[in-house]
Amino acid sequence: MERDFMGLNFKEEAIEADLLKSSAVEWSLSYGPEAPNIRQLEEENQQNINLSKAAQLTIFYKGTVNVFDDMSPEKAQSIMLFAGNIAGAQAQTHAATPKTTVVGEHINTTLLSSSSLGPSGTRDAPNVMSSLRRVMQSDVPQMREASLVRFLEKRRERISNKPGSSTPAKKDDAFVGVNIGTSVTDMPNPTQVVALLKAQQIRHVRLYDADAAMLTALAGSGIRVTVSVPNQQLLAIGQSNATAANWVARNILIHVPATNITAISVGSEVLTAIPNAAPVLVSALKFIHAALIAARLDSRIKVSTAHSSSIILDSFPPSQAFFNRTWDPVMVPLLDFLRSTGSYLMLNVYPYYDYSRSHNAIPLDYALFRPLPPNKEAVDSNTLLHYTNVFDAVVDAAYFAMSYLNFTNIPIVVTESGWPSKGGPDEPDTTPDNANTYNSNLIKHVLNNTGTPKHPGVAVSTFIYELYNEDSRTTGAVSEKNWGLFDVNGEPVYVLKLTGSGTMLANDTANQTYCVAKDGVDRKTLQAALDWACGPGKVDCSGMGQGAACYEPDTVVAHATYAFDAYYHGMAMAEGTCDFKGVATVTTTDPSHGDCIFPGSNGSKGTFMNNTILAPSLNSTSSGISLGFHINSSSIYVMRIVTVLLLSAVFL
């Protein structure tokens, strides 16, 4: 909307409501970003400010943001003092106090006064502004049209550029997600896809587009979704903020908050796949982010772009790695954008390709996360860091490459990683066993929050490539069609070995899942859960009595695992039947040993128990009282009677 402000024409831009929460803040003059106090003003003034330089003057007034270029500090100071005097004269009970700070080459003054306004909040404001107009018009350059989007982006950028930690923050635990490609013959419909995701406890997915049907099916699931701007749309979006805003409106705004969209990948491997679009890549990210700011979704949805790890040169030793210098004009502003918006570097990491192209220079075990003797570990001669797998080495190479460009606190999310389960005659290591080994070890490595040698304990969340085998791909090697965890019927291509890694991707849909006791849990809680299973849970625990096949090993953990699994399969593996107050977890590894055959082994489905008692979970409101003994041959039958009497009050 065109408005007149102090005799100058400008376009009004709505300011975010959260910047005007306080009724005491009616208008302010900003000559730089806010700083905490006057002392910091004085310190930074001595160190960083050249007051002889002109800078910007930003005025907040009645919900608008107006930016003036080339404003001298002396002129800005006169304006702010004059404005403060006017506001102070009008505020009898609540005197206006200019809060002035200086940061860099920018001064910020906020006038705090509620009494300077009439009851409507605007009645007396024209008197203030008409007086200020006379000062402003004396020597003010032509005002440049400026939007709130631009102002907020610059403010966040300045704040983020302040000295801070050189290590990515340890915020949340790492997660494992799955990519969903659609080059699939007879692709399951979105409802079926979401059903499989839920059954496999997959809580993070990445789409290669923003398919409306899929996003609608994901609504209400709670699954965190990364959507993508397809490469073929990148040029248009990177050249027009209006096109970017329309894309966000059509593909994001109509789905949130019902669908939990948490990130947007603007293109995929743009620098290596469509280098002609590289000049507009950063603009595309900024335009998408600006549209999110306008919708007040920028703090909820991160914007980035996925890169091939091949843009990193000299990746080993990691400490010598750097990005291909050809792309510096893109990477520097890109990393600056990621840092200023609190986003992360998206990186595709494929140890399979590193291994297969190394001509046996990289050992297979090193690529598959298999344990290595110390003398086989790769050592970075510059840092003396030891690397036991290719994945960590590539991720650290990316950290060092960013550091080479003076960016040291940007986290990394691996947007693609996996191993093909089938290939052509010239791809001998594309086997189900290798794919199982890699993905199983990768999942455990990530979920353990191991981090990397350079940044131990810093989460490196990872999306596995991919959910389905994309059998309709028409180009590339045979292996290109065989990266999936499942076929189109939802059957696993192989059964992941994820003992102790929780229920996520316990991907045996042929009922070959088991319920086992977790390692390292509280013994008393484990004992109480065992007692409950053999009592109110109605599990037949005679199979682990003295002399029985499952008596040995005679430990609480072993006996609890037997009882938990018997209950789990007796309840037809229903959701919530393998928890036991958090001491049990689902696994695809058969816990049977010797003559001790567990329920569900060899695909047996178990028999549904004729009762409605559910195993205690972490959400139970029971008191948590436990009995101080574990099962053995002399106590098993007495225990079943006692626990019916004593524990019914505890767990029911």
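None of the values given here were measured: they were computed from a predicted structure. Sequence positions, counted from 1, serve as the residue numbers for this chain.
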- More than 12 heavy atoms of other groups within 6.0 Å of D186 CG: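 Atom CG in D186 is not crowded, with 12 or fewer foreign heavy atoms closer than 6.0 Å.
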
- When you look at CG of N360, are more than 12 heavy atoms from neighbouring residues, nucleotides or ligands closer to it than 6.0 Å? no

- Task: Over 60° means perpendicular and under 30° means parallel, so classify the ring planes of F369 and H445, tilted if in between.
- Result: tilted

- Just say parallel, tilted or perpendicular for the rings of Y208 and Y465, cut-offs at 30° and 60°.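 Rings of Y208 and Y465: perpendicular, over 60°.
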
- Task: Working to the nearest 0.5 Å, report the span between CG of L197 and CG of L467.
- Result: 6.0 Å

- Gap separating the CG atom of N436 from the CG atom of L485, nearest 0.5 angstrom: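 Here the interatomic distance stands at 9.5 Å.
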
- Item | Member of Y350, Y352, Y438 meeting the side-chain hydrogen bond (donor to acceptor under 3.5 Å, both in side chains) criterion with S417 |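 With S417 as partner, side-chain hydrogen bond (donor to acceptor under 3.5 Å, both in side chains) holds for just one option, Y438.
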
- Query: Is it true that D396 and K454 have a side-chain N and a carboxylate O under 4.0 angstrom from each other?
  - Reply: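 A salt bridge is absent here (no side-chain N lies under 4.0 Å from a carboxylate O).
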
- Look at the side chain of N469 and the backbone N and O of D471, then say whether any donor-acceptor pair between them is shorter than 3.5 Å. no

- Query: Cut-off 3.5 Å, side chains only: do S310 and S308 have a donor facing an acceptor?
  - Reply: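 Yes.
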
- Task: Decide whether D433 and T431 meet the rule of one side-chain donor and one side-chain acceptor closer than 3.5 Å.
- Result: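 No, no side-chain donor-acceptor contact under 3.5 Å.
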
- side chain to side chain contact (heavy atoms under 4.5 Å, CB included) between H455 and I412: does it pass, once the steps are laid out? CA-CA 11 Å; H455 293 308; I412 292 174; over 6 Å; no

- Item | Atom of P329, atom of R325 and distance for their closest heavy-atom approach |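 Heavy-atom minimum between the residues: CD-O, 4.2 Å.
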
- Would F323 and H307 count as a close aromatic pair, with their ring centres under 6.0 Å? no

- Query: Taking E416 as the fixed residue, which of T462, N179, I464 is the one that meets the side-chain contact (heavy atoms from CB on, under 4.5 Å) rule?
  - Reply: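 Single pass found, and it is N179.
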
- Message: So, applying side-chain contact (heavy atoms from CB on, under 4.5 Å) with H255, which one of N260, T216, V225 is it?
- Response: T216

